[in-house]
Peer 1: 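Have a look at the structure that comes next, please.
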Amino acid sequence: MRTAFERLTRRAEFRRLTRARRSSARPGLVLQALRRPDGEGEARVGLTASRRVGNAVRRNRARRRLRALAEKVIPLHAKHGHDYVMIARVGTADRPFSALVEDLETAMKRLNVWRDD
RNA sequence: CCAGACGGUCGGAUGGCCGCCUUUCGGCGCAGGCAACUGCUUCGGGGGGAGGAAAGUCCGGGCUCCACGGAAGCACGGUGCCGGAUAACGUCCGGCGGGGGCGACCCUAGGGAAAGUGCAACAGAAAGCAUACCGCCCGCCAUCGCUUCGGCAACGGCAGGUAAGGGUGAAAAGGUGCGGUAAGAGCGCACCGCGCUCCCGGCAACGGGAGCGGCAUUGUAAACCCCACCGGGAGCAAGACCAGAUAGGGGCGGCGUUCCGGGGCUUCGGCUUCGGAAGGCACGUUUUCGGGCUGCCGCCCGGGUAGGUCGCGCGAGGCGUCCGGUAACGGGCGUCCCAGAUGAAUGGCCAUCGAACGCCCUAGCGGGCGGGAACAGAACCCGGCUUACAGACCGUCUGGCACU
RNA sequence: CGGGGUGUAGCUCAGUCUGGUAGAGUGCUUGCUUUGGGAGCAAGAUGCCGCAAGUUCGAAUCUUGCCACCCCGA
């Protein structure tokens, strides 16, 4: 699908970010970030929700909320040339949206990928 | 009005802002083409966008590939009262038998045990062509005792008759009652059950009636089995196409190979195995030199690769209506086109209304406050089954109470 | 998404086909042995047989429906 940003779809890409071991866990989500080898282009985002989050309805809902969250925050504040993976947690589907925004912003600052312009 | 039974429909609503998938129309641009047009990018408008279970994957089909002369049989698996519906089914409809409920109604794997085999632990005398532990009864013998001296005889022994009663068990070979008897027994009779024959009703399952028999035939087939019917296997990660890749390694078989040495076999023609050299290949700057690899074909193992397009949305299709049928369902006519994703669209945020539920007030009706919607997300499609599910509404019917 | 398998003692598994008694190893408890520990010896405890219905007189075992876990498939 096309959104305000490029999506990660290949399993190998997800595994590359996981191996990088650069992540920040917040109550509503876990953020992984990695600079691409070329360091060029728009930020790309992947979303994932494991069976631990709940049944299919809860997993879909958590992933959709993360997608809406990314559409709102990533194009404005994420550093270019990086790949990001947002992992849903158990509380993602129920947490207030404003709290999720704070979670993502805090995580981005801790990983030093915040762009303030 | 209360309690209940059955069938069906729905399963949060409205609006605002920002987005997503798909389809269609129009415009600009690019590419291909003589052209019709096609494809791509972008902008704008219109249409459509989760379920009754999308779930579990328990059955049945379509579709695809694989296998296979046809057909039948065997093996294995499944189904199992009768009739019908259907593409088919283990589903559905109508009926029958059995069980439950005052009733509406509900439940029911419900063929065959006189074709054969197996099993029935423990207990009990005995568990399947029955048997006799305690007991009951008769006869004979004999002792104690009693005696009116004729006998009567407890207890015991022997020989029989019994299946009433006791006891065991899930189950003990018809049940209840009356008669009968030494005691008993379908020994006789009545009713019930069972079996056989005949008649009547029904397409049938089966039901009703009459007569006869005199009780034979324990249970278990979700034990083997018998009978009847059905079934080739795997699954859209099927399968097809495009792009890319198919390197190095191991095993087996076949073909091919110059020389030397060792071993084995030999029908002395050779065959086979191991090692080395030559030759060949590519590499290191060229020669020298150095290390490395070892031909071809087929099969297998193992390893690597894991992108895209199609399949993939007109169908046993939905809705309305009429006709046939008790019904499941079938037929005619009209009308509609109605999800197609692939790290996976159908959403995010906000506002208003709001069911369940909780608390408070009230005799009750009702009111106030809080609260904020069950189970759950298409993944090739369709027909069923099963399981999960807050609640709302409609219809038909049953029982009870009150009133007319 | 599709296909297959397994649930029994704390752990690893028999028993299920062919229905009546639930077992082995290890671990655990107690005692003996030893100065003490380990090893060894002896005794003992331990299970709604994953859950629920059904068939049967009787179910870990047979049938059906659920639940959990594991494996495989371009």
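By convention in this document, chain letters (A, B, ...) are assigned in the order of the sequence lines, proteins followed by strands, and residues within each chain are numbered from 1. In what follows, every heavy atom counts, from backbone to side chain, and hydrogens, waters and symmetry copies are set aside.
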Peer 1: Partner of B:G235 by Watson-Crick or G-U wobble geometry, both contacts under 3.5 Å, or none?
Peer 2: B:C63
Peer 1: Send over the distance from A:Arg95 CZ to B:C349 P, rounded to a whole Å.
Peer 2: 14 Å
Peer 1: Ignoring backbone atoms, test whether A:Arg67 places a side-chain nitrogen or oxygen under 4.0 Å from the OP1 or OP2 oxygen of B:U346.
Peer 2: yes
Peer 1: Without decimals, in angstroms, what is the distance between A:Leu104 CG and B:C349 P?
Peer 2: 15 Å
Peer 1: Among B:G343, B:G377, B:G19, find the nucleotide with the atom closest to the side chain of A:Glu71.
Peer 2: B:G19
Peer 1: Using whole Å, report how far CG of A:Asn55 lies from P of B:A374.
Peer 2: 12 Å
Peer 1: Taking the P atom of each, how far is B:C382 from B:G318, in whole Å?
Peer 2: 11 Å
Peer 1: How far, in whole Å, is B:G77 from C:C62 if one measures between their P atoms?
Peer 2: 14 Å
Peer 1: If B:G330 has a Watson-Crick or G-U wobble mate with both distances under 3.5 Å, name it; if not, just say none.
Peer 2: B:C323
Peer 1: If you count the non-hydrogen atoms of other residues, nucleotides and ligands that lie under 6.0 Å from CZ in A:Arg95, is the total more than 12?
Peer 2: yes
Peer 1: What nucleic acid atoms does A:Arg65 come within less than 4.0 Å of, heavy atoms only: base, sugar-phosphate, or nothing?
Peer 2: sugar-phosphate
Peer 1: Expressed in whole Å, how much space separates the P atoms belonging to B:G292 and B:G276?
Peer 2: 11 Å
Peer 1: Please measure how far the P atom in B:U305 lies from the corresponding atom in B:A247, and state the result in whole Å.
Peer 2: 15 Å
Peer 1: Which whole number of Å gives the distance between the C1' atom of B:C10 and that of B:G331?
Peer 2: 31 Å
Peer 1: When the distance from NZ of A:Lys72 to P of B:C20 is rounded to whole Å, what number comes out?
Peer 2: 17 Å
Peer 1: Work out how far the P atom of B:G235 is from that of B:C59, and round it to whole angstrom.
Peer 2: 13 Å
Peer 1: In this structure, how many angstroms lie between the P atom of B:A54 and the CZ atom of A:Arg59, rounded?
Peer 2: 19 Å
Peer 1: What interatomic distance, in whole Å, is found between C1' of B:C338 and the corresponding atom of B:G49?
Peer 2: 10 Å
Peer 1: Return the value, rounded to whole Å, for the distance between atom CG of A:Asn60 and atom P of B:A345.
Peer 2: 6 Å
Peer 1: Going from CD on A:Glu71 to CG on A:Leu76, what distance comes out if it is rounded to the nearest 0.5 angstrom?
Peer 2: 12.0 Å
Peer 1: Under a 3.5 Å limit for both distances, which nucleotide forms a Watson-Crick or G-U wobble pair with B:A245, could you say?
Peer 2: none
Peer 1: Base, sugar-phosphate, or nothing: which does A:Arg61 touch, judged by heavy atoms less than 4.0 Å apart?
Peer 2: sugar-phosphate
Peer 1: Counting distance only, does the side-chain N/O of A:His82 pair as donor-acceptor with the main-chain N or O of A:Leu34 below 3.5 Å?
Peer 2: no
Peer 1: Both distances under 3.5 Å, Watson-Crick or G-U wobble: report the partner of B:A132, or none.
Peer 2: none
Peer 1: Measure CG/A:Leu66 against C1'/B:G343 and give the value in whole Å, please.
Peer 2: 13 Å
Peer 1: Which one is paired to B:G395, where only Watson-Crick or G-U wobble pairs with both distances under 3.5 angstrom count?
Peer 2: B:C6
Peer 1: Kindly compute the distance separating OG1 (A:Thr106) from CH2 (A:Trp114), expressed to the nearest 0.5 Å.
Peer 2: 9.0 Å
Peer 1: Which base sits across from B:G169 as a Watson-Crick or G-U pair, both distances under 3.5 Å?
Peer 2: none
Peer 1: Tell me if a side-chain donor or acceptor on A:Arg61 pairs with a main-chain N or O of A:Asp94 at a distance below 3.5 Å.
Peer 2: no
Peer 1: With the 90 degree cut-off around zero defining syn, does B:A50 come out syn or anti?
Peer 2: syn
Peer 1: Rounded to whole angstroms, how far apart are CG on A:Asp94 and C1' on B:G372?
Peer 2: 14 Å
Peer 1: Could you state the interatomic distance from CG (A:Leu29) to CG (A:Asp103), rounded to the nearest 0.5 Å?
Peer 2: 5.5 Å
Peer 1: Taking atom C1' in both B:G80 and B:A237, compute the distance separating them and give it to the nearest angstrom.
Peer 2: 39 Å
Peer 1: Test side chain to side chain contact (heavy atoms under 4.5 Å, CB included) on A:Leu111 and A:Tyr84; report intermediate values, then the result.
Peer 2: CA-CA 11 Å; A:Leu111 294 180; A:Tyr84 303 90; over 6 Å; no
Peer 1: B:G348 base stacked by A:Phe97? Criteria: ring centres under 5.5 Å, plane angle under 30°.
Peer 2: no
Peer 1: What does B:G313 pair with, Watson-Crick or G-U, if both distances are under 3.5 Å?
Peer 2: none
Peer 1: Please determine if a side-chain N or O atom of A:Arg63 lies less than 4.0 Å away from the OP1 or OP2 oxygen of B:A345.
Peer 2: yes
Peer 1: Both distances below 3.5 Å, Watson-Crick or wobble geometry, any strand: find the nucleotide opposite C:U61.
Peer 2: none
Peer 1: When you check the phosphate oxygens OP1 and OP2 of B:G377, does a side-chain N or O of A:Arg64 lie under 4.0 Å from one of them?
Peer 2: no
